[in-house]
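Note that the structure is predicted; figures quoted are calculated from it, not measured. As a basis for the values below, the full set of heavy atoms in this structure was taken, side chains included, without hydrogen atoms, waters or symmetry mates.
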Amino acid sequence: MHHERIARLLEKIRREDGRIGAFIEVYEKEALAKAQELDRKAKEGKPLGRLAGKAIAIKNIIAARGKRLTAGSKMLENYIAPYDAAVVERINAEDGIIIGSANMDEFACGSDNTHSAYFATRNPLDPEYVPGGSSGGSAAAVAAGFADIALGSDTGGSIRCPASFCGITGIKPTYGLVSRYGLSDMAMSLDQIGPLANSAKDAKLMLSAIAGRDARDQATGGTPENGKVALDFSGKPTIAVAKEFLEGCDERIAKEFHRLSDSLGAEGYQISEVSIPSLKHAIPIYYLTVFAEFSSAMQKFDGLRYGKTGRELENLTEDVGELRGSKLGLEVKRRILLGTFITTKEYHDAWYGKTLSARAVIKRDIEAVLGKYGVLLGPTMSTLPWKIGQKMENPLEMYLADILTVPANLAGIPAASVPFGKIGKFRPGMQVLGSRYGEGKVFALMEEIERLDRK
Amino acid sequence: MEISKDLVRKMGELSRVKLSEAELARLEKEFAELFGHFSSIEKIGAGGERLFYVTGVQGSLRPDEPRPKARGDADAIVENFAQKDGRLMVAPKSLD
């Protein structure tokens, strides 16, 4: 039964992924073998795991033993992951079937998946448009029907942006809820792995399988053991809407948001408008933090340790600089240089030091609102997907697209995107943010939004 | 703030990233625009508490014990070296 279904999905991928470009690699042999093993276990009456039979795509920044881990970059073109990431161990233990690695913006630097060093992924809702990023391959795999669930990573919206653009559901969990062991880091104080799926139910199922403390990721130190993480909530969480979320938002998205807000009000939800003025500074705070942490994280990719580069290096300084200059894309180089700049002795206090102080303020302001209300609600993205190639030229324009998603990462709180309504071919995402470890309330509202969307 | 091509080149050298002349010219222009926009961080939190991490968890260390899989993992790590001599990585010289 599982074998037959997985074989059908693989056939669909072979037939259709040339048009979408969701996968960097498809694990056909391993997926069929795992499906066969599950069929045998079921026949023998053995119990199956929580993810039994689910076809799962994983962003190619997550390690799967013996498989290429490219991070969407030519720098890691021949790097073979030496071990399984913690999330891969848990998927395997719960009988999920990993069917392949998903395309992404190079080293997760991008919001539209056109920054992959291999090929641009296309939006299954309209292939002339971007799928969002940086987990665009993961979102496209689910939206195209190639996978039931996908894993992405979210540093400033990289799960929620593509979920919104592709009309599916995605959640960035609380920072520290899911182990990042085996995730190639982009910005260590912001990164988090999470699921993308067709429903809140499937996203919750995957999160229940992968969440939990792991001694190999210190950030999970305050998290309960796997299986003991609370993801349920009964009742109606109170809702706050920050007026800053709607400033500069596409009018069509704002209209759908107001329709949702009215529907929730009619269902008896208490909705209050609030103001968080520091949200206006979220983009500088976020990007300056990313630049500093990213430039540090990227120093390890020197052409010596992570896969064969096809070049013999003779001089450490010049040759490594030349290799990195030729193998890394412009967006990656841009961020490395900016991070180096703001962490030099001369400029550290003027830029990085002030960024850290500003981050404390925005976190405090968001927490103050979430101390009074159950969740924050707003649109996920202020724009609809753009055409492929449209925002390649101006980095600031690309960065500004992340304005609504980065606050959750700065505060370390959970945030999900759920589709609601329809604008042409697209289904805009509505974002639900909760307090740290407040996934239960977030899922409760996600399920309610799904119910209202079906009405 | 003043961004010059020489400053961008210096950052490239410190970062071990060699840039073409076209990239230098482009980044010089972009950095001026980005820092102009990002200077708004001056407006909040100046001189206040600095936040590095949101968890508040400190000193969460795993037991210092050998793991059964470690040897296999190490072999796979060595296999990824670009140039090697047995189980050692060959690194280029840093001084002439």
Part of Y79(A) within contact of chain B (heavy atom distance under 4.5 Å)
both

Using 4.0 Å as the upper bound for N to carboxylate O, is an ion pair formed by K5(B) and E28(B)?
no

Which region of S20(B), side chain (C-beta onward) or backbone (N, CA, C, O), has a non-hydrogen atom less than 4.5 Å from a non-hydrogen atom of chain A, or is it both or neither?
neither

A side-chain contact here means heavy atoms from C-beta on lying under 4.5 Å apart; do L88(B) and F81(B) qualify?
no

Need one label for T340(A): side chain, backbone, both or neither, based on atoms under 4.5 Å from any heavy atom in chain B.
both

Is L330(A) in contact with chain B via its backbone, its side chain, both, or neither, using a 4.5 Å heavy-atom distance?
side chain

Specify which of E30(B), M89(B), E33(B) makes the most heavy-atom pairs with chain A at under 4.5 Å.
E30(B)

Heavy-atom proximity to chain A below 4.5 Å, by part of E49(B):
both

What residue, out of A358(A), G66(A), S295(A), has the most heavy-atom pairs lying under 4.5 Å from chain B?
A358(A)

Between S4(B) and R9(B), do the side chains contain an N or O donor and an N or O acceptor separated by less than 3.5 Å?
no

Which atoms of F291(A) come close to chain B, meaning under 4.5 Å heavy atom to heavy atom: side chain ones, backbone ones, both, or neither?
side chain

Under 4.5 Å from any heavy atom of chain B, what part of R311(A) do you find: side chain, backbone, both or neither?
backbone

Please flag which part of M188(A) lies under 4.5 Å from any non-hydrogen atom of chain B: side chain, backbone, both or neither.
both

Please classify the contact of K363(A) with chain B as side chain, backbone, both or neither, using a heavy-atom distance under 4.5 Å.
side chain

Which atoms of D214(A) come close to chain B, meaning under 4.5 Å heavy atom to heavy atom: side chain ones, backbone ones, both, or neither?
neither

L338(A), V361(A), D319(A), T355(A): which one forms the most heavy-atom pairs within less than 4.5 Å of chain B?
L338(A)

So, the part of E314(A) with a heavy atom under 4.5 Å from chain B: the answer is backbone

Where on T289(A) is there a heavy atom nearer than 4.5 Å to chain B: the side chain, the backbone, both, or neither?
neither

When K280(A), K333(A), K327(A) are compared by non-hydrogen pairs under 4.5 Å with chain B, the top option
K333(A)

May I ask you to name which of K84(B), Q83(B), K43(B) has the most heavy-atom pairs under 4.5 Å with chain A?
Q83(B)

Is it the backbone or the side chain of I342(A) that comes under 4.5 Å from a heavy atom of chain B, or both, or neither?
side chain

Would you indicate whether K10(B), at its atom NZ, is surrounded by more than 12 heavy atoms from other residues, nucleotides or ligands within a distance under 6.0 Å?
no

Taking atom NZ as the centre, does K300(A) end up with more than 12 heavy-atom neighbours from other residues, nucleotides or ligands that are less than 6.0 angstrom away?
yes

Below 4.5 Å from any heavy atom of chain A, which atoms of V78(B) appear? Answer side chain, backbone, both or neither.
neither

Side chain, backbone, both or neither of Q299(A) within contact of chain B (heavy atoms, under 4.5 Å)
side chain

Give, as side chain, backbone, both or neither, the part of Y347(A) having an atom under 4.5 angstrom from any heavy atom of chain B.
side chain

Which portion of I44(B) sits near chain A, non-hydrogen atoms under 4.5 angstrom:
both

Can you find a side-chain donor-acceptor pair between E244(A) and S275(A) that sits under 3.5 Å?
yes

Could you check whether any side-chain heavy atom of M75(A) comes within less than 4.5 Å of a side-chain heavy atom of R324(A), counting everything from C-beta outward?
yes

Would you say CD of E312(A) has more than 12 non-hydrogen atoms from neighbouring residues, nucleotides or ligands within 6.0 angstrom?
no

Does the side chain of W351(A) come within less than 4.5 Å of P284(A)'s, by heavy atoms?
no

Residue L400(A) versus chain B: region with a heavy atom under 4.5 Å
side chain

State, without any angle test, whether T155(A) and Y286(A) hold a side-chain donor-acceptor pair at a distance under 3.5 Å.
no

Among R335(A), K74(A), M298(A), R334(A), find the one that has a side-chain contact (heavy atoms from CB on, under 4.5 Å) with L328(A).
M298(A)

Drop me the distance from N78(A)'s CG to T309(A)'s OG1, to the nearest 0.5 angstrom.
8.5 Å

T70(A)-E77(A) side chain donor-acceptor pair, cut-off 3.5 Å
no

Assess the pair F301(A) and F107(A): is the distance between their ring centroids shorter than 6.0 Å?
yes

